[in-house]
Amino acid sequence: MSDPRLTIAKRELSVLRKEKTIVLALLIQLFIAAFSSFLVVGLVSLYDPTSVDGYTVDVAVTGDAQDDLLAVTNDQRSIRGLAYPSTDAAMDAFEQRRVDAVLDTAVVDDRVRVAAIAPDSNIRTTLVVVQLRDALRAFERAERADRAAHLDTTPLELPPEATTSPYFGFTYTVLIPLLLFLPVFISGSIAVDSITEEFDRGTLELLRVAPVSLVDIVDGKLAAAAVLAPAQAALWILLLRFNGTQVHNVALLLLLVASFSLLVVSVAIGIALATPDRRSAQLMYSLAVLLLFGGTALLPWNPANAIARLAIDSVGTDVLAVVVVYTAVAVVGYAGVRKLTHHVDETSL
C-alpha cells in the first residue's frame with residue numbers, strides 16, 4: 001500500500017496544473033529566467049541610470065572653484081561641465097534648457113561649498129541627480145587628495161570606489177534573489193489556499209473518513225507546496241546559466257531555498273489551521289511573510305546577501321553558518337506545525 005502522504009502530494013500537484021493564476025505566475029518567472037540576458041539590459045537602466053550609454057548630462061559650473069570642479073566633471077562618464085561667468089548666466093541657461101543642471105561653487109573659510117540645481121519632477125531628474133552625485137563624490141576625493149599634505153590630523157578614510165559593473169551588481173543582488181525567493185512566497189500562498197479550501201468545501205472531513213490522519217493530510221499538502229520552490233529554483237538557475245550568467249554553489253543555494261520554502265509553507269499551514277477563513281488566512285500569511293523577510297533583511301547576513309555571496313562563490317564559514325541556521329529554523333518550524341496539527345486533530349475528534 002502506498003504512503004497516503006505521497007498520494008495526497010500527487011493529488012495536490014495535479015490540481016495546481018488547473019490553477020490559472022499559479023500557472024501564469026510560473027510562466028512570468030520562466031520568461032524572466034529564460035530571457036534574463038535581454039531583460040537585464042532594460043532593468044539595469046532603471047536600477048542604475050548611469051549604465052545607460054549615449055546620454056550626456058550638460059552641467060553649468062560657476063563660482064570660485066570652477067576650474068577644479070570642471071577638471072573633475074570632464075573626467076566623468078556621461079557628464080560634461082560647461083563654464084559660465086556667473087550664477088545668473090548659468091541659471092538663465094538652465095531655465096532655457098541649454099543645460100541640465102547647475103553647480104555653483106563658493107570658497108568659504110578655505111572650504112568649498114557647492115550648490116546643485118537639478119530639474120524638478122521631470123523624467124530626467126533621476127539620471128541628472130545620479131550623475132551629479134557621482135561628480136560631487138569624485139570632486140570630494142580630489143579635494144581630499146590635494147589637501148591631505150596640509151592637514152594637521154588625518155581625516156576619516158573614504159569608502160573605496162565601486163568598480164563593479166552595474167550589470168554584475170544587479171544580476172547577483174536583485175535578479176537571482178528575486179527568482180529564488182519568489183517561488184517561496186508562491187508556495188506559501190498555495191499551501192494557505194489548499195488547507196482553507198478543504199475547510200470551505202467540507203472535503204477535509206471526507207479525507208479523514210478514510211484511513212488517513214490529519215497529520216498525513218497536512219504532510220502531503222506541505223510536501224507538494226514546499227517542493228515547488230527548490231524545483232523552480234533549479235530550473236531558473238539552469239536557464240540563467242544557459243543565458244551566460246554563472247551561478248556557483250548550486251547545491252547550497254537549493255538547500256537554502258528548500259529551507260525557506262519549508263519554513264514559509266509551515267507558517268502558512270499553521271495560519272490556515274488556526275484561521276480556516278481563506279481571506280483572513282491569506283491576509284495573516286502576507287503579514288507574516290512581510291515580518292519574516294523584513295526582519296531577516298535587517299540582519300547582517302540576510303537571505304538575499306547569503307544568496308548573492310553563494311552565487312558569486314564568495315563563501316566563508318559565516319555564509320555556511322547562515323545556511324545551517326536557516327535550515328535548523330526551518331526544521332523547528334516544521335516540527336511546530338506538526339505539533340499544531342496533532343492538537344487540532346485531537347480537539348476536533
Side-chain angles (χ1 to χ4, degrees), residues 32 35-151 155-175 178:
I32 294 173
F35 297 96
S36 58
S37 59
F38 300 100
L39 293 175
V40 74
V41 177
L43 293 173
V44 166
S45 66
L46 299 175
Y47 170 74
D48 183 5
T50 60
S51 65
V52 179
D53 293 326
Y55 184 87
T56 301
V57 175
D58 291 329
V59 180
V61 181
T62 66
D64 303 328
Q66 183 184 70
D67 294 337
D68 294 337
L69 186 53
L70 282 173
V72 172
T73 56
N74 290 331
D75 286 338
Q76 300 297 305
R77 186 184 68 174
S78 302
I79 187 170
R80 179 174 56 190
L82 303 173
Y84 276 78
S86 66
T87 303
D88 292 338
M91 290 303 299
D92 287 340
F94 176 71
E95 291 173 359
Q96 296 174 16
R97 298 189 177 183
R98 297 199 304 270
V99 295
D100 300 301
V102 175
L103 292 176
D104 184 27
T105 63
V107 177
V108 180
D109 297 331
D110 293 330
R111 295 186 179 185
V112 179
R113 300 181 184 274
V114 182
I117 297 93
D120 182 27
S121 301
N122 191 292
I123 195 172
R124 300 176 301 155
T125 300
T126 301
L127 181 59
V128 171
V129 169
V130 170
Q131 295 287 8
L132 291 179
R133 179 199 64 189
D134 293 342
L136 292 176
R137 284 179 176 174
F139 182 60
E140 181 185 7
R141 290 178 181 275
E143 287 295 305
R144 281 175 176 261
D146 291 341
R147 303 184 183 206
H150 305 286
L151 296 176
L156 294 175
E157 294 292 336
L158 289 173
E161 294 187 78
T163 57
T164 306
S165 166
Y167 296 96
F168 180 88
F170 177 82
T171 299
Y172 289 98
T173 62
V174 177
L175 181 61
L178 175 66

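Only heavy atoms go into these numbers, but all of them, side chains included; no hydrogens, no water, no symmetry mates.
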Enumerate donor-acceptor pairs with a distance under 3.5 Å from any side-chain N or O in residues 82-89 to protein atoms, sequence neighbours excluded.
| unit_1 | atom_1 | unit_2 | atom_2 | d |
| --- | --- | --- | --- | --- |
| S86 | OG | A89 | N | 3.2 |
| T87 | OG1 | D104 | OD1 | 3.2 |
| T87 | OG1 | D104 | OD2 | 3.3 |

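For the pair F94 and V102, the tightest heavy-atom approach, listed with the atom from each and the gap, is CB-CG2, 3.7 Å. Across all non-hydrogen atoms, the minimal contact from T105 to A65 is OG1-N, 3.0 Å. Among all heavy-atom pairs drawn from G81 and T73, the shortest one is CA-OG1, 3.8 Å. When all heavy atoms are compared, the tightest approach of L103 to A116 is CD2-CB, 3.6 Å. Between V128 and A101, the closest heavy-atom pair is CG1-CB, 3.8 Å. Considering all non-hydrogen atoms of both residues, P119 and D100 come closest at CD-O, 3.2 Å.
Distance check, rounded to the nearest 0.5 Å: CD of E95 to CE of M91 gives 5.0 Å. Rounding to the nearest 0.5 Å gives a distance of 9.0 Å between CG of N74 and CG of L69.
Environment of CZ in R113: sparse, with no more than 12 heavy atoms of neighbouring residues, nucleotides or ligands closer than 6.0 Å.
With sequence neighbours left out, R80 forms a salt bridge (Lys or Arg N to Asp or Glu O under 4.0 Å) with D58.
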